[in-house]
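Heads up, the thing below is written out as structure tokens.
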Amino acid sequence: QYHRYTSQFSMFLRLLESAHHQFKLGLISEEQLLSLTATFMMHLQSDAGARAWRDIKPARPKDFCEFIAQFESGAS
């Protein structure tokens, strides 16, 4: 079950990472990016989401991880 969740989590994470990149290029608004980020942070509130993020985080770009870290204190 964790593997299936991790696959779904990874797909959403890639969507958010893409949105973050698009925001940096000026292609989407901050409001759009923060909407996706809020949904992602809801996942981090679960044990499975927190575990998946810990497992996947080392493979993600540093600037993206720093962006997510801004919101993590409110996730726990």
Exercise. Applying side-chain contact (heavy atoms from CB on, under 4.5 Å), run through Ser46 and Phe9 and close with a yes or a no.
Key: CA-CA 12 Å; Ser46 71; Phe9 182 89; over 6 Å; no
Quiz item: Looking at side-chain heavy atoms only, is the closest gap between Met11 and Ser7 below 4.5 Å?
Solution: no
Quiz item: Side chain of Gln8, backbone of Tyr5: donor and acceptor closer than 3.5 Å?
Solution: no
Quiz item: Closest heavy-atom contact between Ser10 and Ile56?
Solution: OG-CD1, 3.2 Å
Self-check item: Spacing of Glu17 atom CD and Phe40 atom CZ [to the nearest 0.5 Å]
Solution: 10.0 Å
Exercise. For Trp53 and His43, run side-chain contact (heavy atoms from CB on, under 4.5 Å): C-alpha distance rounded to whole Å, both residues' side-chain angles, the deciding distance at 0.1 Å, then the answer.
Key: CA-CA 9 Å; Trp53 176 236; His43 284 280; over 6 Å; no
Quiz item: Which distance, rounded to the nearest 0.5 Å, do you find between the CE of Met41 and the CG of Leu36?
Solution: 13.0 Å
Quiz item: If you group Ile, Leu, Val, Met, Phe, Trp and Tyr by side-chain heavy-atom gaps below 4.5 Å, do Met42 and Leu15 land in one group?
Solution: no
Self-check item: Non-neighbouring partners of Lys24 that pass side-chain hydrogen bond (donor to acceptor under 3.5 Å, both in side chains), sequence neighbours left out
Solution: Asp63
Exercise. Quick one: list whatever passes side-chain hydrogen bond (donor to acceptor under 3.5 Å, both in side chains) with Ser35, sequence neighbours left out.
Key: none
Quiz item: For His20, what residues pass the side-chain hydrogen bond (donor to acceptor under 3.5 Å, both in side chains) criterion, not counting sequence neighbours?
Solution: none
Practice problem: Check whether any side-chain heavy atom of Leu16 lies under 4.5 Å from a side-chain heavy atom of Phe64, and answer yes or no. | Solution: yes
Self-check item: Non-hydrogen atoms of Ala52 and Thr6 that approach each other most closely
Solution: CB-OG1, 4.3 Å
Quiz prompt | Heavy-atom side-chain proximity of Leu13 to Arg60 below 4.5 angstrom | solution = yes
Quiz item: Any sub-3.5 Å donor-acceptor pair from Thr37's side-chain atoms to Leu33's backbone N or O?
Solution: yes
